[in-house]
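Written out below as structure tokens is the structure these notes cover.
What you see is a predicted model; the values in this text were computed from it and never measured. If you read the sequence from its start, that first residue is 1, and numbering goes on from there. Just the heavy atoms: all of them, side chains too, but no hydrogens, waters or symmetry mates, feed the values below.
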Amino acid sequence: MKLDDLQLKIMTVLWQKGEASVVDVRKALSDERELAITTVGTVLSRLEKKKIVTHSKEGRQFVYRPLISELNAKSSMISNLAERLFRGDTRSMVNHLISEDEFNEADLADIEKMIEDYKKKRSQK
């Protein structure tokens with residue numbers, strides 16, 4: 001799955017709200033970006049063609065809801081990124097993130113806890 005910046009912002013609104021009309025989505029994004037109603041409607045139509053959202057009709061407006069979870073979207077996008085940039089080698093991707101970013105002690109402690117939790121979860125299988 002590939003979502004551009006605007007599609008991802010619109011999906012984030014839908015994930016947060018559960019469902020929203022074009023007007024609701026536009027309003028939710030108005031603080032960071034002024035968008036035409038037609039732009040939001042067009043993006044939602046394209047997302048529907050990709051089977052990422054669906055709509056129902058309420059009165060005179062369409063109300064959109066996501067067909068995929070935020071977790072599934074993120075997983076798909078990360079997998080796509082890893083494949084394109086690191087030829088699917090996730091260790092190289094993690095190595096790149098570690099070597100290119102500066103982590104403070106709290107970040108490192110959080111990462112270590114994530115690794116320990118992963119190890120425990122994996123050993124229980």
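Here the side chains of Leu14 and Leu44 are in contact, with some heavy-atom distance below 4.5 Å. Between Lys17 and Val13, the closest side-chain pair of non-hydrogen atoms falls below 4.5 Å. Counting only heavy atoms from C-beta outward, the side chains of Val22 and Ile37 approach each other to under 4.5 Å. For the pair Leu47 and Leu3, the minimum side-chain heavy-atom distance is below 4.5 Å. At least one side-chain heavy atom of Ile68 sits under 4.5 Å from a side-chain heavy atom of Met1.
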- Does the pair Met93 and Leu85 meet the rule for a side-chain contact (heavy atoms from CB on, under 4.5 Å), with working shown? CA-CA 8 Å; Met93 184 172 75; Leu85 295 179; over 6 Å; no
- Task: Walk me through it: do Lys9 and Glu32 pass the test side-chain contact (heavy atoms from CB on, under 4.5 Å)?
- Result: CA-CA 10 Å; Lys9 287 182 187 309; Glu32 51 178 282; 3.0 Å; yes
- Task: Carefully, step by step, assess Leu6 and Arg33 under the rule side-chain contact (heavy atoms from CB on, under 4.5 Å).
- Result: CA-CA 10 Å; Leu6 182 55; Arg33 194 168 175 180; 3.9 Å; yes
- Starting from the C-alpha separation in whole Å, work towards a yes-or-no answer on side-chain contact (heavy atoms from CB on, under 4.5 Å) for Met77 and Leu81. CA-CA 6 Å; Met77 292 174 73; Leu81 179 69; over 6 Å; no
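When atom types are taken as modelled, the side chain of Asp117 and the backbone of Met114 share no donor-acceptor pair closer than 3.5 angstrom. Of the possible polar contacts, one joining the Ser30 side chain to the Lys27 backbone as a donor-acceptor pair under 3.5 Å is found. Judged purely by atom type and a 3.5 angstrom limit, Gln7 uses its side chain to pair as donor or acceptor with the backbone of Asp4. No donor-acceptor pair under 3.5 Å is formed between the side chain of Thr39 and the backbone N or O of Leu35.
In this structure, Gly18 and Pro66 approach most closely via the heavy-atom pair O-CD, 3.3 Å.
A distance of 10.0 Å separates NZ in Lys2 from OG in Ser76, rounded to the nearest 0.5 Å. A distance of 15.0 Å separates CD of Glu116 from NZ of Lys121, quoted to the nearest 0.5 Å. Between Thr54 atom OG1 and Lys51 atom NZ the span is 9.0 Å, to the nearest 0.5 Å. We find the CG-CG distance between Asn72 and Leu67 to be 11.5 Å, quoted to the nearest 0.5 Å.
Hydrophobic clustering (ILVMFWY, side-chain heavy atoms < 4.5 Å, transitive): Ile115 and Leu108 are in one cluster. Met11 and Leu71 are assigned to two separate hydrophobic clusters, defined by single-linkage of ILVMFWY side chains at heavy-atom distances under 4.5 Å.
For the salt bridge (charged side-chain N to carboxylate O under 4.0 Å, His left out) test, residues two or more places apart in sequence or in another chain that qualify with Glu34 are Arg26. Take Lys57 and apply the salt bridge (charged side-chain N to carboxylate O under 4.0 Å, His left out) test, not counting sequence neighbours, and it matches no residue. In terms of the salt bridge (charged side-chain N to carboxylate O under 4.0 Å, His left out) criterion, Lys120 has no residue partners (sequence neighbours excluded). When the salt bridge (charged side-chain N to carboxylate O under 4.0 Å, His left out) test is applied to Glu112, no partner is found at least two apart in sequence or on another chain.
Sparse packing is recorded around NZ of Lys74, with 12 or fewer heavy atoms of other residues, nucleotides or ligands lying under 6.0 Å away. For Arg122, the CZ atom counts as loosely surrounded, since its 6.0 Å shell holds 12 or fewer non-hydrogen atoms of other residues, nucleotides or ligands.
Residue pairs meeting the ring-ring contact (aromatic ring centres under 6.0 Å, His included) criterion with at least one member in residues 14-72, sequence neighbours excluded, are His55-Phe62, His55-Tyr64. Within the structure, side-chain hydrogen bond (donor to acceptor under 3.5 Å, both in side chains) pairs that include any residue of residues 87-98 comprise Asp89-Ser92 (at least two apart or interchain).
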